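Working notes, structure below.
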Amino acid sequence: MRKLSLLIGVLFLCTHLTAQQRTIIGKVTDDKGEPIPNVSVTVKGTSLGTTSKQDGTYSLSIPANAKTIVISSVGMETVETSIGIKGVIDVSLKQSEKDLQEVVVTALGIKKDKKTLGYGVSTVKAEELTQAHTTNVTNALAGKIPGVKITGSGGSFTGSSIIIRGFTTFTGSNQPLFVVDGIPFDNGGGGSPLQTGPSVSNRAIDINQEDIDNITVLKGPSAAALYGSRASNGVILITTKKGKFNQKGTIEFSTSYGIETVNRLPSYQNSYAQGNNGTYLSNSQTSWGPLIAGQTVTNAFGKQEVLQAYPHNVSDMFKNGQNLQTNLSFTGGSDRNTFRFSYGFNNSTGVLDNNRLQRHNFGLNTSSKITNKLTVSVSGNYSNNSSKRTQQGNQLSNPLFRGWLTPRSYDLTGLPFETAAGDQLYPLGEDNPYWTIKNNRYRDEINRFFGNVAINYRFNNWLQFDYKMGADVFSTFRHAYDQIGIRGQGNVANTSANTNPFTGVGPAGSAGGVLEVRNQYRSLNSNGYFTASKRVGDFNLTGVVGNEISQVYNATDQTIGYGVVVRDFEQLKNTTSFQPSNGSSKVRLIGLFGDFTAAYKSIASVNVTLRNDWSSTFKPGNNSYLYNAVAASINFTELLPGLKNNVIENIKVNGNIATVGKAGDFVYATDSYYGAASAGDGFGPAIVFPFNGLQGFTLNDQAGNLNLGPEFTTNREIGINLGFFKNRVNLEATVYKQKSKKLIFGVPVSNASGIGTLVQNAGSLTNNGVELNLNVSPIRSKSFSWDINANYTKIKSVVDQLAPGVANIFLGGFTTPNIRLVQGDEYGQIYGNAYQRDSKTNQLLIGANGLPIATTGVQKIGNPNPKWLMGITNTFTYKGFSLSVLLDIRHGGDQYSRNIKDIRANGVGAETAEFPRYNPDGSINKPYLFQGIYASNGQPNTTNVSAQDYWGNSGKYVAAEGFIVDASWFRVREAALTYRIPASLSKKVSITRAELSVYGRNLYLHAPNYPHLDPEQNALGISNATGLEFNALPQTRSMGVSIKIGL
Amino acid sequence: MKLKYITILGIATGMLIGAASCKKYLNINTDPDSISDAPLAQLLTSAQVNLGFEGGSDLFRYSTLIAQQMSGQASQPNQTYEYDRYNITGSDENNLWGNMNSTTLSDLELIIKKATAAGSPYYSGVAKILKAYEYQKMVDTWGDVPYTEAQQLDKNTAPKYDKGEDIYKSITTLLTDALTDLNATSSNLSPGANSVIYTNATFSAVKANWIKLANTLKLRIYLHYSKKDPAFALAQMTALINSAGVSFMAANTDNFQMPFFNVSKQQNPIQQFEASRANYLFANNFMVSLMNGKSDPRLPFYFTPTPFNSSPARYKGVKPGDPVGNGYSRIHTYLRGAATGTPVQQPDSGILAGSYVYSGAAPIRLLTYAEYCFIRAEAALMGAPGSAQTFYTNGITASLQDAGVSAANITTYLAANGTLTGTNAQMLQQIIEEKYVANFGVAMEPWTDFRRTGYPALVPPSNAVLPTVPRSLFYPQSEIDLNPNAPKQKTDLSAKVFWDN
């Protein structure tokens, strides 16, 4: 083929000589010898030019007087070569030092010149993602991107929420769309049920971070509009590692091993025993007992024991978690084929027994040039992910629900927790922590395949067609077992009593049960588009037109068996009554899109995106919706090169207005249906049908709405990019206002209508945000460099309107506290009862007993949204060493902490013994005084109270308001010290690279207003409702070593 | 070259055609796992189970605590502790309101509409009685509630509130309609084995039970007027009793009650609550003292002795100020079903759950023959036909029999307590106090009788948040938040329903 073109070239040469013109040909390659397509080759001083083809070759007809050609490409250094009499000019381009970071991947993987980009995108590279070896890729993004808020829910492999630029909807998902190699990837899950079961992970955990080459975050609708309906929350664009053409085959092996420990443990008092009002009580929950002074008491087992404190009775519950990650990959490529095969293994154990995550990842990527015009690539990934977990939430089977407040004199470590028969030995009402960890079990396994087949066809040097067919398919199996005698809700919340003969201590509990859930998820996506790219004079014109078709199918089959017959036989057939339930949904979407960009040199650009979606979730007539985005930029330093001086390098301003339509998460919501009947109240009692062999159906509480249509999110954004000192200092600032309208949600209505909610397009909300990203390279010498990246995020999401007549809606929680959306207020406020206050002076009203009084109604008591977030990464490199430290700062944001209250109200927290509880004469010491006035007469309160009263449920914690704590933090989120052996040495031992690193995560925490625990918690897991903490698994710190060798 | 453009054109055309045929592709918006209509039979089962469940759920707990039959006490304040001191907020009632309206009444309304359209008056008759029963409870609980504009589904999501008095009028008419329906000569469809109350495969075998219920319920409703308008109450009751062909409940087998079963999640809600929320409900000293004073033979069925193995059995309820602990009587077999196992006494006088287990198969009683007798006794006292003494004796006997008291003990009890004596007021007190004990486990009525007659003489507990016994509940917070037609929230629980004035 190449010979042929040469021949043709020569023929042309001959022809054109006579016309005072001639043709030059050549090939453009990069410094590794790989061809570079789309390179602009122009005759200097003229508008004559062409671009290189896929194989890097070009041919250009030039006038006889042409002296110099200019070869330039985005991200490469521009080369000028004198023509002379040469007929073949091969050029090798180097990557431009200055422009290295200036090429960004945008929607559909289209690379764009950052200099002329009209909207904000951020990229995180592989090294940054993997340096702290987290299990879940979402955690690895924390603190690294402006505008992105990552919140863990506590524990080792639970859910982590990502919110980009604030909230865009009310009750539907606000999580961004994940796209892996161009195909949507489900990141569902991660919710934490409040009263039953464990907290689980979001499904991004199925991705092996070691397979990721880079992650690009498309933040606003403008950047994401091409992805259509599901992109209004932003897009996490993941590109996996691939082989390259003509790449030498390499084998890479890496392994890391880390230890996880509880990040922060409460500080306890060890002076006072179990009991109440100074009296020892062997079955008391609280530690308001007598001063421990070597006295002998009769314990709950009826035995005499010398009273003593057990300072480690809580901390002994926690083990060192371990995290082992091993990865092996083979990568390479010939001139026509590339491949990468990888295998990853991850084995993590949690800080509690019976908590484990195991993951196997297999990945295979290949691409082949079938012809010079046609490239076909195939990518397939299989992951097997299994985990074991412990009960969480507001329930007695959560080992930490009251485990945190184990009476100080109860030897939880040393006393047995079960009889030989397996019955519990625990005098308190809840499940013994060790017993529940051992007996109330949960395990799951996810088998997942995701991958795609992609075709790229180049018609000519300006037009190509891409087609991708992708699938994301997984099945989930969840199995849970509640032991006979379980006292809490556990996994199945059985409310019938344990009928087995009971030999333990404390309540005998319930009859237990078995839960089995099978879930099938299948997402298919077809995506085809033409890309035309042509240079007309100084204008670079690009146009993309395409079509997307997707289908998502999701089915769940669940069976609960109540009443375990034979202990430890974890089968449904071992139970006495059954409750099956199943459901499925199928959603289809068709999109047509176009994206057109005109760029003038590197000076200015205009980008227009149009997309029309048709969604199956609406009735014909409402199911088609068109939206568009316009973005523009101007680079002043390119426009007026005179602006550049020793200080100023780059001044760019960009702006955009973009709208994205969204189908939302409501499926089958255009009609009303009848569902299986049930009965129940909020206290656990429930009737499961069939009842006495009879089935029942009831009209669903949610009424459908024929007129349902899409939601729209519109973003207006202005950004500025300033470069100073040869870009050693680079600042990007973005200000935006994002408005979401016609939000779909089940609008709660008066139940007296016979329905509970009516799905409507109601409601709107606004996000105002500021994002700053500052890169500074204070030192950059040959052997030493220091780079600083600081990013700042400020988002304010305000609920403009809910629905007519609806002042607030409930997002999650309890009667008190709960999280609500309230018209006119910030998103997701904490509501609960408060202290009664004097209406004029706002002073606390105090009862005659010296204690505050609670309001009966609920009111706003806290705002969980942080005022701002900041991430600062310092990277130092010295020869082969590099040290990277990520600081993560969160300012503001309230949290309702049930745990801190429990630690105090039950007399176990150190502060509850800051003053002696009893006077020398044995009477109760009353050192505390609530600041306030008597409710009866308005006089200042002078009634002192005891520690038990002050910290108790009738004192500070009489109202939900008392539970509110400021969750601000400063933490060393990640740190890694890496040594890479010099190339000279590695060549000698014939390896391509060798790296050794030590790393840590959550190494240091300073939470000035949050005592006892790590504030990074969320009782509701991945949810729009944040700000509640209910005795969850603690956040962890990890430290480890890793080694990476390339052959 | 041309071929390329043809290819491009082809692909582009293909896309357009694809887009055009998308109509069919997108037409999948029907839930494959739900039905768009439900048969009468399954709607009725759903409505009845919910109505029966409600009788042993929130409303039972609120009213039995307010009426001081039960008490909540706890070292860590919990809901029953708060309810016991009248700290029942509007938010607490959201669930209850939702179930009554959006499940029970919504299904009943659909049955009435569908049955009327389908020529099945037996279904509409049953549904109307249940609807009347439900609204009577709602008026007694809250006062004014939506009625005329209620249950119109998405046609009216903010129904206006009707006066309690108007609703009472409407539901008596509704009961008359129900009787007309039930007396129809035929019905295309009839409730059969799917009716979990008065279950029988052949409707004609239980039709009489429904008719008796409708008439008895009418009596209950008329009696509720006794305070507001005694003349009206007397006139209505007299007219009803004297009307030709009328039939009322005549035996415990006529009891309007919902059976439950000894199967997980089919147990009665009182047992389910006790099993999953140990130490939330204890006997109240007020009721236990009342029964202790008469050596009531229902005590061993109603409450556990404390200590359990005490001999003779001792029964002790909680009174305000008593120390927190487990050494108090609790609900026993009458409401929790038969018990099996050997009780193991704990050091704190409690019973070790697990060694002693209740079946949960006790029915939830909604309107009993015993209550009918006491209604008639009170009516007779007011001047209606019949002998107050006879109905009084019959009521006591029915209640004791229903509890499982032996014939000998019934005789003994009647001999000591079965005679009405003294002034009318004293006789009324006797009737109501016996009715109060007999209606243990019946939601609302003991509280309603107190509000109506002042008997038994309840005094608020010392830690109550209100200085008087509550006269109604707050409107549910969800109504205040979501229904623009809802009245302003009550200042406190002393607001009275219409018949309490």
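Keep in mind that what you see is a predicted model, and the values were worked out from it rather than measured. In what follows, every chain begins at residue 1, and chains take the letters A, B, ... in the order their sequences are listed.
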Handout entry: Pick from A:T576, A:V747, A:V806, A:T617 with the largest number of heavy-atom pairs that fall under 4.5 Å of chain B
Key = A:T617
Problem - A:T670 versus B:N29, side-chain donor and acceptor atoms under 3.5 Å - result: yes
Problem - Ring centre gap for A:F683 and B:Y280 strictly below 6.0 Å - result: no
Fill in the blank from the handout: Rounded to the nearest 0.5 Å, the CG atom of B:D31 sits from the OG atom of A:S584 at a distance of 7.0 Å
Exercise for the section: With a 4.5 angstrom heavy-atom cut-off, could you sort out which part of A:S678 is near chain B: side chain, backbone, both or neither? Expected result: backbone
Practice task
Measure across A:S577 and B:V263 and return the closest heavy-atom pair with its distance rounded to 0.1 Å.
Solution key: CB-CG1, 3.6 Å
Handout entry: Side chain, backbone, both or neither of A:A752 within contact of chain B (heavy atoms, under 4.5 Å)
Key = both
Handout entry: Pair A:T815-B:S91, side-chain donor/acceptor within less than 3.5 Å
Key = no
Fill in the blank from the handout: One should read off an interatomic distance between B:L26 CG and A:N623 CG, to the nearest 0.5 angstrom, of 6.0 Å
Exercise for the section: Taking atom types as modelled, find out whether A:N751 and B:S102 have a side-chain donor-acceptor pair closer than 3.5 angstrom. Expected result: yes
Practice task
Answer with side chain, backbone, both or neither: which region of A:V587 has an atom nearer than 4.5 Å to a non-hydrogen atom of chain B?
Solution key: backbone
Exercise for the section: Say whether A:T698 and B:D107, considering side chains only, have a donor N or O and an acceptor N or O under 3.5 Å apart. Expected result: yes
Problem - Heavy-atom check, side chain of B:P32 versus side chain of A:Y668, under 4.5 Å - result: yes
Practice task
Identify the residue among B:V49, B:N268, B:N50 that makes a side-chain contact (heavy atoms from CB on, under 4.5 Å) with A:I687.
Solution key: B:V49
Problem - Contact leader toward chain A among B:F474, B:Y147, B:F260, where contacts are heavy-atom pairs under 4.5 Å - result: B:F260
Problem - Under 4.5 Å from a heavy atom of chain B, the part of A:T816 involved - result: neither
Handout entry: Contacting region of A:P427 [heavy-atom separation from chain B under 4.5 Å]
Key = neither
Handout entry: Value rounded to 0.5 Å, distance of OG in A:S753 from NZ in B:K155
Key = 11.0 Å
Practice task
Below 4.5 Å from any heavy atom of chain B, which atoms of A:N833 appear? Answer side chain, backbone, both or neither.
Solution key: neither
Exercise for the section: Select, from B:L96, B:L153, B:D154, B:N95, the one with the greatest count of heavy-atom pairs under 4.5 Å involving chain A. Expected result: B:L153
Exercise for the section: May I ask you to name which of B:G98, B:P476, B:G341, B:P484 has the most heavy-atom pairs under 4.5 Å with chain A? Expected result: B:G98
Exercise for the section: Could you check if a side-chain atom of A:L694 sits within less than 4.5 angstrom of a side-chain atom of B:Q48, using non-hydrogen atoms only? Expected result: no
Problem - B:E479 side chain vs A:S750 backbone, donor-acceptor pair below 3.5 Å - result: no
Problem - Part of B:N27 within contact of chain A (heavy atom distance under 4.5 Å) - result: neither
Practice task
Measure from the side-chain N and O atoms of A:R588 to the backbone N and O of B:I28, and report whether any donor-acceptor pair falls under 3.5 Å.
Solution key: no
Problem - Test log, rule side chain to side chain contact (heavy atoms under 4.5 Å, CB included), inputs B:T45 and A:F689 - result: CA-CA 10 Å; B:T45 313; A:F689 281 73; 3.9 Å; yes
Practice task
Take B:K265 and A:T495 through the test side chain to side chain contact (heavy atoms under 4.5 Å, CB included) and record every step on the way to the result.
Solution key: CA-CA 7 Å; B:K265 301 287 176 189; A:T495 47; 3.7 Å; yes
Practice task
Identify which part of A:D671 has an atom lying under 4.5 Å from any heavy atom of chain B, answering side chain, backbone, both or neither.
Solution key: side chain
Practice task
Verify, without hydrogens or angle tests, whether B:N99 (side chain) and A:G680 (backbone) share a donor-acceptor contact under 3.5 angstrom.
Solution key: yes
Exercise for the section: Find out whether B:R61 and A:D681 are in side-chain contact, i.e. whether some heavy atom of one side chain is under 4.5 Å from a heavy atom of the other. Expected result: yes
Problem - Approximate separation, where rounding is to 0.5 Å, of A:N700 CG and B:S36 OG - result: 11.0 Å
Handout entry: For chain A, the option from B:Q79, B:M100, B:E149 that forms the most heavy-atom pairs under 4.5 Å
Key = B:Q79
Practice task
May I have the step-by-step check of side chain to side chain contact (heavy atoms under 4.5 Å, CB included) for B:Y25 and A:W614, ending in yes or no?
Solution key: CA-CA 10 Å; B:Y25 180 77; A:W614 290 263; over 6 Å; no
Handout entry: Side-chain donor/acceptor of B:Q267 to backbone N/O of A:P685, under 3.5 Å
Key = no
Practice task
Output the distance between atom CG (B:D37) and atom OG (A:S672), rounded to the nearest 0.5 Å.
Solution key: 11.5 Å
Problem - Under 4.5 Å from a heavy atom of chain A, the part of B:L110 involved - result: side chain
Exercise for the section: Could you tell me which portion of B:F273 (side chain, backbone, both or neither) has an atom closer than 4.5 angstrom to a non-hydrogen atom of chain A? Expected result: both
Exercise for the section: Any chance you could measure B:S276, atom OG, to A:R487, atom CZ, to the nearest 0.5 Å? Expected result: 14.5 Å
Problem - Per-residue contact mode, A:Y467 against chain B (heavy atom under 4.5 angstrom) - result: neither
Handout entry: Min side-chain heavy-atom separation A:N692-B:V196 under 4.5 Å
Key = no
Practice task
Taking the side chain as every heavy atom from C-beta outward, state whether B:I35 and A:Y673 have any pair of such atoms under 4.5 Å apart.
Solution key: no
Problem - Within-4.5 Å side-chain heavy-atom neighbours: A:L758 and B:T157 - result: yes
Exercise for the section: Tell me, for A:P620 versus chain B, whether the close heavy atoms (under 4.5 Å) come from the side chain, the backbone, both or neither. Expected result: neither
